[in-house]
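Notes to accompany the following structure.
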Amino acid sequence: MTDYKETLNLPQTDFQMKARLSQKEPEMLKKWEEAGLYDKIKEAGKDRPKYILHDGPPYANGHIHLGHALNKTLKDIVVKSRTMSGFSAEYVPGWDCHGLPIELQVEKKFKEKKKELGKTAVRKACREYANKFVSIQRDEFKRLGIFGEWENPYLTMNYGYQAAILSELGRFVEEGLVYKGKKPVHWCSSCSTALAEAEVEHAEKTSPSVYVRFEAVSIEFSKAIMEDGVKTAAFLGAEDIPISVIIWTTTPWTLPANLAIAVHPDVSYSTVRITLHGHEEIWVLATDLVESTMDKFGIENYSIVNSAPGSLLEGIVCKHPFVARESVVRTANFVTTEAGTGCVHIAPGHGQDDYEVGLKHGLEVYAPVDNNGLFTSDVPEFEGQFVFKANNGIIELLEEKGMLIKTEEVSHSYPHCWRCKKPVIFRATAQWFVAMDDDSRLRERALKAISEEVEWVPGWGKERIYGMIEKRPDWCLSRQRVWGVPIPALICSGCSNAFLDKGLINSLGKRFEESGADIWFERPLEELLPEGLKCPECNGTEFEREEDILDVWFDSGVSFSAVLERRENLSNPADLYLEGSDQHRGWFHSSILASIATRKVPPYKSVLTHGFVVDGKGRKMSKSDGNVIAPEQIIEKYGVEVLRLWVAAEDYRDDIRVSEEILKRLSEAYRRIRNTFRYILGNISDFNPETDSVQFNELEELDRLTLHRLNGITEKVLSAYEKFEFHTIYHTVHNFCTVDLSAFYLDILKDRLYTSGTKGKSRRAAQTTIYYVLDSLVRLLAPVLVFTTEEAWAFLPGKREASVHLAAMPTVNADWVNNELDEKWRGLSAFKDEISKALEGARVEKIIGHPLDAFVSVVPGEADTEKLKEVEALLVSVLIVSGLCVTDGTEAPKETEASFSFVSEEIPGLKVTVTKAPGGKCERCWHYSESVGTQTGHATICDRCVEALA
RNA sequence: GGGCCUGUAGCUCAGUAGGUUAGAGCACACGCUUGAUAAGCGUGGGGUCGAAAGUUCGAAUCUUUCCAGGCCCA
């Protein structure tokens with residue numbers, strides 16, 4: 001007896017169903033490395049047009065988290081897809097190495113020894129620390145399958161990079177953009193340093209809240225008579241009663257620095273006559289706040305004398321509550337009536353808004369507080385006291401002077417130092433600044449470039465960064481820190497003038513290039529100075545060096561110069577910057593300012609942003625909430641491939657969720673794709689595309705339909721790569737694998753592949769088709785599933801490049817387009833669905849099990865019987881039944897058989913009857929056929945199989 | 001508190017310029033198959049579109065408010 005199973009062409013392949021990704025991925029990486037794959041990709045692209053994705057440098061501190069993985073994987077997908085689409089897309093990764101966090105880590109290690117060791121030792125330790133994490137992160141990134149110049153990355157602490165930073169600073173100086181000024185900045189008195197916005201965290205703090213009287217000493221002000229003819233004096237109801245403007249503040253310690261009082265010009269203010277402790281006074285405050293404030297003060301006996309807009313109050317001269325100084329009422333738009341009295345105490349040296357009011361009215365930027373937050377001798381009463389501690393004394397003093405109306409405690413959001421977590425103060429200090437609005441109109445030019453010269457993806461990125469640049473203050477470049485590139489300014493010993501000299505910057509640049517920026521701190525100053533250098537103010541020749549270093553945003557902001565312009569394989573501007581949306585204030589921001597200031601053009605043509613990784617509920621990940629998932633966990637459990645699929649599957653323009661469920665779903669989707677690969681590979685193991693391919697026009701109908709559909713998804717996927725819409729790639733391909741291939745084409749194809757003649761045209765046509773399908777799918781997915789596609793690539797027959805990553809994307813084949821066919825099958829699949837329902841009914845009734853047990857009678861009803869009749873044979877194979885006939889319903893099915901009838905609700909009049917198929921079951925192809933038993937020499941198989949065996 | 005953004009089935013995504021009973025895949029349930037088998041196939045249940053109000057003959061799609069969440073600021 002023949003074992004007919006042996007005569008079938010069943011799938012055969014060593015491409016494993018089980019991926020074992022976490023083991024195999026590192027092996028693949030090693031293989032790539034040994035083969036020098038990245039260099040080969042570079043070499044292959046040397047004559048192609050460039051596509052430059054410029055890497056934003058992550059900070060060289062700590063291990064990578066999912067945010068890093070997301071960002072770098074997205075970049076890798078861009079680079080790989082552009083490479084496969086005919087570009088040379090070299091990727092040079094970088095790291096941000098200077099800055100406070102590393103310095104603090106090192107400081108922690110040194111503890112008290114820091115001061116003895118000096119700057120050089122600290123800087124050396126910082127460099128080592130940064131190097132250590134560059135190395136750690138590099139390995140972690142490589143593990144993600146990211147291709148790039150890992151052995152030659154850019155580090156902002158490299159000597160060449162440091163020299164570039166200095167040279168860019170020189171250009172800023174040359175453009176006249178850099179000035180030294182006094183300005184209130186966030187100041188941490190504990191760390192003795194100015195803090196960047198980014199270095200400030202907001203947290204709840206309890207502060208004293210005080211209401212203070214500022215007595216008016218003169219009502220002979222400049223605007224005594226207003227346009228409406230109302231005398232301010234009249235508004236004040238000037239009588240022989242003391243008049244006070246009432247202010248509210250939660251920082252009593254800034255009162256010694258008070259220089260003015262601000263009111264909103266358009267807000268209504270009232271003069272309120274009150275009786276307190278038996279005598280009368282007139283108080284001025286915002287009309288809307290009178291009632292609540294009086295309530296708070298417990299004053300019941302009051303009456304509003306008069307009301308007028310704040311603009312009328314401008315110029316009232318008040319007496320400082322305890323310092324012999326005047327404080328004048330000014331108008332400002334930032335004033336609100338949400339809290340307090342609508343009259344705001346102004347200390348230009350201690351607040352941003354205050355500073356701006358002061359600037360407008362020519363007030364001194366006065367801040368009698370030293371680096372450690374202690375009052376200076378300017379405030380004798382509190383000299384040497386820490387400002388927050390002095391609050392109490394100041395309140396007592398106010399009380400004593402009879403100026404305090406009310407004091408209480410409030411809890412509010414207050415800025416804190418990100419490092420020591422202590423509350424910070426606003427304090428005016430001498431800093432180097434980049435002017436946003438001077439003659440060179442940096443702000444204006446940057447805004448113009450943002451709206452006209454850069455493509456922002458998603459589009460709202462434009463509004464976001466525009467708003468930020470529009471409102472940002474001058475760029476404070478200096479940091480009173482150690483680990484960074486020095487601002488090589490000189491301070492004249494003769495006249496104390498601080499200045500930046502272009503000649504010095506130039507000559508230093510060369511030395512930085514050779515020996516690094518450390519020399520500024522290490523070498524004697526005389527050795528560094530150009531000959532004959534004189535103070536531009538007093539011609540003095542004795543100098544001291546500036547100790548401040550540059551803001552690290554300046555470091556990374558000039559990467560277009562340090563990296564794009566300086567590397568032969570790159571060029572400026574870049575095609576794309578791709579970072580998280582926080583970089584609208586970070587790197588995108590500093591980069592465009594730096595580039596506009598020095599090159600007049602933006603450093604990027606387009607900017608793509610992604611959202612943040614959040615947990616399954618959409619909440620941010622934090623250690624304290626315990627919802628953090630580390631890349632490692634995912635890699636160990638599922639493999640990098642699933643992590644990459646996650647990056648590709650989610651719409652990154654929004655926040656990106658990750659959870660165990662999401663990963664589980666994705667790993668299942670991965671298996672589906674992998675199985676599709678495997679199934680096709682199994683069925684083309686005996687197929688040689690060069691010799692066995694069937695011409696397109698000789699393919700069968702379903703083959704051509706499938707290639708038409710493949711064409712469709714190819715077009716869609718290529719366009720999605722082009723437009724950076726990666727999640728549609730995943731959905732498109734997954735859907736194609738599941739719906740068009742697995743549940744339709746491949747399922748139908750089994751009969752042809754397994755049972756027909758091994759070398760017959762029908763089988764070869766099927767193989768030709770699925771070969772095309774797999775070849776395309778593997779290429780299309782290579783940028784995402786970097787390992788799996790490479791694995792499949794090696795199994796694919798035919799001549800091909802050594803690696804899928806050296807291959808090109810498939811092209812859309814115009815010859816394959818057949819919309820008529822597509823249309824036809826769209827209609828037929830509706831019939832297929834309905835007949836499937838009938839089969840399911842028959843299955844429930846136990847008439848059939850497998851569809852091949854069935855014979856189907858179709859009465860089309862209102863549908864076109866003739867047309868359906870034509871595709872009878874196709875429907876048999878599509879439904880995988882043993883027989884099907886389309887009739888007009890006049891011939892009833894054989895009554896002897898058990899049958900199941902189904903009337904369609906979807907297709908009017910369609911009636912389907914399912915019966916057990918007649919004849920015997922062919923042992924070989926499992927179809928039922930009347931021919932079984934009639935074949936000589938083959939008693940148990942059908943005529944079709946006999947023919948196949950011939 | 002402000003700027004920008006998001007909120008469609010358990011999950012990931014579609015839903016064109018507002019117009020018939022809101023789609024897909026996965027997951028789930030039930031069944032089939034055992035020649036993709038730690039696979040494959042079929043059928044089925046499940047959202048009224050974050051909430052409310054409004055504009056409109058008609059809204060997931062426009063407006064307002066509110067709620068929840070994210071980034072960046074204060």
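Proteins get letters first, then strands, A, B, ... in listed order; numbering begins at 1 in each.
Distance from the side chain of Y679(A) is smallest for A36(B) among the nucleotides A36(B), C41(B), A39(B). Closest to the W460(A) side chain, of the nucleotides A38(B), C4(B), G35(B), is C4(B). Between A39(B), G40(B), G70(B), one nucleotide has an atom nearer to the side chain of K750(A) than all others, and that is G40(B). When distances are taken from the side chain of D655(A) to each of G70(B), G40(B), G35(B), the shortest belongs to G70(B). Comparing C72(B), U12(B), A39(B) against the side chain of M468(A) picks out C72(B) as the nearest. Side-chain atoms of D747(A) lie closest to G40(B) of the nucleotides G40(B), C4(B), U37(B).
Residue K5(A) has a polar side-chain atom (N or O) positioned under 4.0 Å from OP1 or OP2 of G35(B). Contact annotation: R674(A) does not reach the phosphate of A38(B) (side-chain N/O to OP1 or OP2, under 4.0 Å). For C71(B), one of the phosphate oxygens OP1 or OP2 lies less than 4.0 angstrom from a side-chain nitrogen or oxygen of K620(A). Applying the 4.0 Å criterion to OP1 and OP2 of C4(B), one finds that Y466(A) has every side-chain N and O outside that range. Between S742(A) and C41(B) there is a side-chain polar atom (N or O) within less than 4.0 angstrom of OP1 or OP2.
C28(B) sits 34 Å from G19(B) when the C1' atoms are compared, rounded to a whole Å. The separation of C67(B) from C32(B), taken at their C1' atoms, amounts to 48 Å, rounded to a whole angstrom. Annotation: G15(B) and U33(B) have their P atoms spaced 40 Å apart (nearest Å). Separation of the C1' atoms belonging to G58(B) and G18(B) is 8 Å when rounded to the nearest angstrom. The gap from the P atom of G45(B) to that of A60(B) amounts to 23 Å, rounded to the nearest Å. The gap from the C1' atom of U8(B) to that of U61(B) amounts to 11 Å, rounded to the nearest Å. Comparing the same atom, C1', in A52(B) and in C41(B) gives a spacing of 46 Å after rounding to whole Å. Comparing the C1' positions of U64(B) and A59(B) gives an interatomic distance of 15 Å, to the nearest angstrom.
Around the NZ atom of K911(A), the shell of radius 6.0 Å holds no more than 12 heavy atoms that belong to other residues, nucleotides or ligands. The neighbour count for K620(A) NZ, taken as heavy atoms of other residues, nucleotides or ligands under 6.0 Å away, does not exceed 12.
Note: NZ (K462(A)) to C1' (G3(B)) measures 17 Å, nearest angstrom. Rounded to whole angstrom, the span from the CZ atom of F795(A) across to the P atom of A36(B) amounts to 19 Å. Protein atom CD of E463(A) is 9 Å distant from nucleotide atom C1' of C4(B), rounded to whole Å. E579(A) places its CD atom 17 Å from the P atom of C71(B), with the value rounded to the nearest Å. A straight line from CZ of R619(A) to P of G50(B) spans 18 Å, rounded to a whole angstrom. Distance, H589(A) NE2 to C71(B) C1': 15 Å, rounded to whole Å. Distance NZ (K617(A)) to P (G69(B)): 12 Å, rounded to an integer number of Å. Distance M17(A) CE to A36(B) P: 10 Å, rounded to the nearest Å.
Scored by the side chain to side chain contact (heavy atoms under 4.5 Å, CB included) test, E660(A) finds K637(A), Y638(A) as partners (sequence neighbours excluded). Residues satisfying the salt bridge (charged side-chain N to carboxylate O under 4.0 Å, His left out) criterion with R644(A), sequence neighbours excluded, are D76(A). Residues forming a ring pair (Phe, Tyr, Trp, His ring centres under 6.0 Å) with Y670(A) (at least two apart in sequence, or on another chain): none. In this structure H731(A) satisfies the ring pair (Phe, Tyr, Trp, His ring centres under 6.0 Å) test with no other residue, sequence neighbours excluded. Applying the ring pair (Phe, Tyr, Trp, His ring centres under 6.0 Å) criterion to F687(A), with sequence neighbours excluded, gives Y771(A). Scored by the salt bridge (charged side-chain N to carboxylate O under 4.0 Å, His left out) test, R924(A) finds no partners at all (sequence neighbours excluded). Partners of A766(A) according to the side chain to side chain contact (heavy atoms under 4.5 Å, CB included) rule, which considers only residues two or more places apart in sequence or in another chain, are L749(A), R752(A), L753(A). Shown here are the side-chain hydrogen bond (donor to acceptor under 3.5 Å, both in side chains) partners of D96(A), two or more places apart in sequence or in another chain: there are none.
Position along RNA chain B of the nearest nucleotide to D353(A) versus L8(A) favours L8(A) as the more 5'-ward residue. Toward the 5′ end of RNA chain B lies the nearest nucleotide of K471(A), the other residue of the pair K471(A) and V614(A) mapping further downstream.
Between H186(A) and F426(A), the gap from one ring centroid to the other is short of 6.0 Å.
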Query - Under the 3.5 Å Watson-Crick or G-U criterion, the dot-bracket string of RNA chain B, with | for inter-strand pairs - result: (((((((..((((.....[...)))).(((((.......))))).....(((((..]....)))))))))))).
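Nucleic acid contact class of G618(A) (heavy atoms, under 4.0 Å, all strands): sugar-phosphate only.
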N/O contacts under 3.5 Å, protein versus nucleotides 26-32 of chain B?
{"from": "C32(B)", "atom 1": "O2'", "to": "G849(A)", "atom 2": "O", "distance (Å)": "3.0"}

So which protein N/O to nucleotides 14-16 of chain B N/O distances come out below 3.5 Å?
{"from": "A14(B)", "atom 1": "OP1", "to": "H727(A)", "atom 2": "NE2", "distance (Å)": "2.5"}

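Sorted by first and then second residue, the pairs that involve residues 725-751 of chain A and meet salt bridge (charged side-chain N to carboxylate O under 4.0 Å, His left out), not counting sequence neighbours, are R653(A)-E725(A), R709(A)-D740(A), D747(A)-K750(A), D751(A)-R944(A).
Comment: R665(A) engages E661(A) in a salt bridge, judged by a side-chain N to carboxylate O separation of less than 4.0 angstrom.
Taking the 5.5 Å centre cut-off and the 30° plane limit, the aromatic side chain of W926(A) is classed as stacked on G35(B).
For the 3.5 Å distance criterion, the side chains of T913(A) and S901(A) qualify, holding a donor opposite an acceptor.
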